[in-house]
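Throughout, residue positions are numbered sequentially from 1 according to the sequence presented.
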Amino acid sequence: MAQRSSLAGPYEVPVLAICFLACIATGLELSVNNHTADFSLSTTHGSLVSLSCLVQNSSQAEELLWYRGDGKVDLKDGNKVNVSNVCISPVTESDNGVTFTCKLARDNAVQVSVILDVKFLPQLSGEESLHIEEDKDVTLTCNTKSNPQAPAAWYKNNTTLTLQQNRYQVYQTSEVFQLSITKVQKSDNGTYTCVAKFPLEERRKDFHLIVEDKSPIFPMEAVIAAVVVVTLTVLFGIVARKDKIFKV
C-alpha cells in the first residue's frame, strides 16, 4: 500500500494546478461595447464601427485576441492586454453578416461575438442593350443586391409592365431581379426599367430590348443540292477545258 501511495503523489499536484487555473479562467468575463453576450450591431455602408473588448473581474494582465470570421486580426502590442479595440472603416457591404469575435488568449471559451448588420442600397447593374431574334426567348437580369432586400418592379417605356400570361415571368432572389420573355415579338421592342423601391428613395436601371428579324432558314436538302450543282459545274468546266486543249 505504501508503494501505491508514493506513485500517486507526483500526479496529484499537476491535476490540482490545472483545476485551479481552469477555475480562474472561468471566473473571467469579457464585454464588447458593454455587451457580455453575443449580439448584432446595425450600421450603414460607409460608416465607421468601433468595437471595444474589456476583461471583467481581472486581477492580472490578460491577453485578448480578435477574429474576423475565422481569420485572426493583427493587433498592436499596446492593444491586446485587458482592453482591445478594433475599428472597421469604412464599413462596406462585404462586411454584412461578418462576425467579429473577442477571445481570451488563455481560454478561448471565454468570448463575445458581434455580427455586423450593414444596411446598404443596391447599385443596380446588368447588360443594358440586348439584341434578340424574333421568336427566341430572352431574360433581362437586374442586379439588385441590398440590405434589407428591396421590393422591385419592371416598367416598359415608363409604364407599369403588364405581365402577359405564359409569356412573361418574373423571378427574384436576394441579389437579382429577372424578367423572362418567351418567344419575343416585334411588339416587345422597347426600354424596360428595373425599379428598386425604398421608403425614402428608389433606384432605377434601363434595359433596351431590340427584337431583330429572324435569320432566313434554308432547308438542308436545298443547301446540299446547291453544293452538288456548283461542284458538278466546276468539274464539267474543267473537263471541257481539258477536252478543248487536247483537240487543239
Side-chain angles (χ1 to χ4, degrees), residues 17-126 141-152 171-177 194-203 205:
I18 292 172
C19 291
F20 178 69
L21 290 174
C23 289
I24 292 177
T26 304
L28 295 176
E29 188 177 50
L30 301 183
S31 67
V32 173
N33 292 13
N34 297 320
H35 292 266
T36 56
D38 297 349
F39 66 102
S40 177
L41 179 62
S42 182
T43 184
T44 57
H45 181 277
S47 64
L48 180 151
V49 167
S50 181
L51 303 176
S52 181
C53 183
L54 174 66
V55 181
Q56 308 283 349
N57 309 320
S58 174
S59 59
Q60 64 183 49
E62 295 289 350
E63 183 182 354
L64 295 171
L65 306 173
W66 272 103
Y67 288 83
R68 184 186 190 277
D70 295 328
K72 190 175 181 181
V73 177
D74 186 22
L75 299 173
K76 294 183 178 180
D77 290 339
N79 186 31
K80 59 176 64 174
V81 178
N82 289 345
V83 180
S84 183
N85 299 291
V86 168
C87 181
I88 304 103
S89 177
V91 174
T92 68
E93 63 183 64
S94 63
D95 294 313
N96 183 48
V98 173
T99 300
F100 285 84
T101 304
C102 180
K103 297 182 179 183
L104 193 67
R106 66 189 179 96
D107 185 357
N108 285 184
V110 180
Q111 61 176 283
V112 177
S113 293
V114 187
I115 300 176
L116 296 187
D117 180 22
V118 182
K119 308 297 184 184
F120 60 94
L121 299 180
Q123 300 297 323
L124 303 187
S125 62
T141 299
C142 181
N143 299 315
T144 57
K145 183 179 179 182
S146 64
N147 182 36
Q149 182 176 335
Y171 175 73
Q172 185 170 16
T173 69
S174 61
E175 297 192 3
V176 299
F177 186 49
C194 169
V195 181
K197 299 180 179 180
F198 289 87
L200 300 179
E201 66 175 291
E202 65 180 27
R203 297 288 175 91
K205 175 70 178 177

Sidechain N-carboxylate O distance under 4.0 Å for E63, R106: no
Non-hydrogen atoms of F120 and K145 that approach each other most closely: CE1-O, 3.6 Å
Answer yes or no: is there a side-chain heavy-atom contact under 4.5 Å between C194 and T144? yes
What one should report as the nearest heavy-atom pair of E93 and H45 is N-CD2, 3.5 Å
Can you list the steps and then say if V114 with F39 is a side chain to side chain contact (heavy atoms under 4.5 Å, CB included)? CA-CA 5 Å; V114 187; F39 66 102; 3.5 Å; yes
Do N96 and D117 come close enough that some side-chain heavy atom pair is under 4.5 Å? yes
Would you say that L54 contacts N34 through its side chain, given a criterion of any heavy-atom pair below 4.5 Å between the two side chains? no
Mind checking the CD1-OG spacing from I115 to S42? Nearest 0.5 Å is all I need. 12.5 Å
Separation of N57 CG from E62 CD (nearest 0.5 Å): 11.0 Å
Using side-chain heavy atoms (C-beta onward) and a distance below 4.5 Å, is E201 in contact with L121? yes
Ring geometry between W66 and F100 (parallel below 30°, tilted from 30 to 60°, perpendicular above 60°): perpendicular
Just how far is it from atom CG of N108 to atom CG of L65, taken to the nearest 0.5 Å? 6.0 Å
Looking at every non-hydrogen atom in both residues, tell me the closest pair between Q172 and A152 and how far apart they are. NE2-CB, 4.0 Å
What one should report as the nearest heavy-atom pair of A37 and V112 is O-CG1, 3.6 Å
In terms of heavy-atom contacts, S146 and A150 come closest through OG-N, 3.3 Å
Of all the heavy-atom pairs spanning N143 and G126, show the shortest one and how long it is. ND2-N, 4.1 Å
Side-chain donor or acceptor of N33 paired with backbone N/O of S50 under 3.5 Å: yes
Checking the side chain of D95 only, and the main-chain atoms of T92 only, is there a donor and an acceptor separated by less than 3.5 Å? yes
S84 side chain to N79 backbone, donor-acceptor under 3.5 Å: yes
Is D107 close to L28 at the side-chain level, that is, under 4.5 Å between some pair of heavy atoms? no
Short side-chain to backbone donor-acceptor contact, R203 and P122, under 3.5 Å: yes
How about S31 and T36: do any of their side-chain heavy atoms sit closer than 4.5 Å? yes
pair L51-I88: side-chain heavy atoms closer than 4.5 Å: yes
Judged by atom type as modelled, is there a donor-acceptor pair below 3.5 Å linking the side chain of T173 to the main-chain atoms of V176? yes
Option from T43, N147, V91 for which side chain to side chain contact (heavy atoms under 4.5 Å, CB included) with K119 holds: N147
Can you tell if the side chain of L64 reaches within under 4.5 Å of the side chain of L30, non-hydrogen atoms only? yes
So with a 6.0 Å cut-off around CZ of F198, is the heavy-atom count from everything else above 12? yes
